Amino acid sequence: MSHYLIELLSLMAIFSFAIVSPGADLAMVIRQSVMHGRSAAIVTSFGIGVSLMFHVTYTILGLGLVISQSILLFNIIKWCGVAYLIYIGVQSLRAGASEIGPGPSAAGGEVRGQSAVKAFGLGFMANALNPKPVFFFLSVFSAVVHHDTPSLVKFGYGLVMASCLIAWFVGVSYFMTTPAMRAAFGRMSKWINRASGVVFIGFGVKLATEKAG
């Protein structure tokens, strides 16, 4: 048991830095918070967490190694991700100030919302179409987790990481949708849309330069 605890703590020590580092997932949660409010951002956060388990599952099954060694598969995933990020970026650039939702109402509900399915899908796809988690989990699991560790235990590690990831982004969602933050965003909505559009396109271009291996 102590051996597994050490593995988990080692994984979390590495993963904690990956969680807080800026990336497409963080940009997506911030965009959802600003444009569609707290509920949509929280659902998007769960989509990102479930997508992380998707990466963990196929990595444990050995498919991650196949993807990392296949230039064709890597490029298919990469260019789908590039297209998705640039599409979101263009949509943000085209959005006007009216796209910014007013956020939580006085009663605690959403004045302007987004369907849960779409919000979840945005988070899931933003993470699923990023090939970088493949290499992250391959390198982390090979360096930290012993090859004799049961797959069920490895899956448990993934659940802990996914839960922490969801908790982090839910926290971001709450912070970004506080009354003070909403008021500030409301005054700068047009420029926030433009800035987020540039950020997503930038992440897409950056992903386009990534190479397998």
Side-chain angles (χ1 to χ4, degrees), residues 8-57 59 81 84-85 88-89 91-92 95 99-130 132-134 136-137 140 154-186 188-189 192-193 195-197 199-200 203:
L8 177 59
L9 292 176
S10 299
L11 281 172
M12 292 308 302
I14 299 172
F15 188 62
S16 61
F17 290 100
I19 288 178
V20 300
S21 61
D25 293 344
L26 179 60
M28 179 63 74
V29 172
I30 293 176
R31 176 182 182 271
Q32 287 291 90
S33 299
V34 173
M35 296 182 66
H36 299 290
R38 181 174 295 170
S39 294
I42 290 175
V43 174
T44 297
S45 300
F46 276 87
I48 293 171
V50 173
S51 184
L52 184 74
M53 288 307 303
F54 167 70
H55 288 297
V56 170
T57 300
T59 298
Y84 181 74
L85 290 173
I88 295 296
Q91 290 293 100
S92 295
E99 294 294 324
I100 301 295
S105 66
E110 291 293 332
V111 179
R112 178 190 178 110
Q114 181 184 62
S115 71
V117 173
K118 183 173 182 179
F120 184 90
L122 285 170
F124 185 91
M125 296 302 290
N127 191 274
L129 292 177
N130 188 350
K132 294 177 69 175
V134 179
F136 175 81
F137 283 109
V140 169
K154 294 179 181 178
F155 192 80
Y157 294 161
L159 282 176
V160 173
M161 288 189 288
S163 299
C164 291
L165 184 66
I166 291 171
W168 162 250
F169 283 131
V170 167
V172 172
S173 302
Y174 270 88
F175 174 74
M176 298 300 294
T177 53
T178 57
M181 295 298 290
R182 297 296 302 185
F185 286 134
M188 302 180 294
S189 59
I192 290 172
N193 271 325
S196 63
V199 168
F200 278 109
F203 280 128

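Keep in mind that this is a model prediction, so the values were computed, not measured.
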Out of curiosity, F54 CZ to I48 CD1, how far, rounded to the nearest 0.5 Å?
15.0 Å
Quick one: which of T177, I42, V43, L122 gives a side-chain contact (heavy atoms from CB on, under 4.5 Å) with Q32?
L122
Closest non-hydrogen atoms of A41 and V29, given as atom of the first, atom of the second and distance, are CB-O, 4.0 Å
Taking the side chain as everything from C-beta on, heavy atoms only, tell me whether V170 gets closer than 4.5 Å to Y174.
yes
4.5 Å side-chain heavy-atom contact, F155 and M53
yes
Provide the closest heavy-atom pair for K154 versus V56 in the form atom of the first, atom of the second, distance.
O-CG1, 4.4 Å
Pairing residues for A126 by the side-chain contact (heavy atoms from CB on, under 4.5 Å) criterion, not counting sequence neighbours:
D25, M28, Y84
How close do S33 and S173 get, heavy atom to heavy atom, and via which atoms?
OG-CA, 3.6 Å
Is the shortest side-chain heavy-atom distance between H55 and N127 below 4.5 Å?
yes
More than 12 non-hydrogen atoms from neighbouring residues, nucleotides or ligands closer than 6.0 Å to CZ on F46, yes or no?
no
Once rounded to the nearest 0.5 Å, what's the spacing between atom CG of L52 and atom OG of S163?
9.5 Å
Donor-acceptor contact present, side-chain T44 to main-chain A119, <3.5 Å
yes
Side chain S51, main chain G47, donor-acceptor under 3.5 Å
no
side-chain contact (heavy atoms from CB on, under 4.5 Å) against S10, all qualifying residues, sequence neighbours excluded
I6, V144
Rounded to the nearest 0.5 Å, how far apart are NE2 of H36 and OG of S115?
9.5 Å
Listed partners of F175 passing side-chain contact (heavy atoms from CB on, under 4.5 Å), at least two apart:
M181
Residues V160 and M12: closest non-hydrogen pair is CG1-SD, 4.0 Å
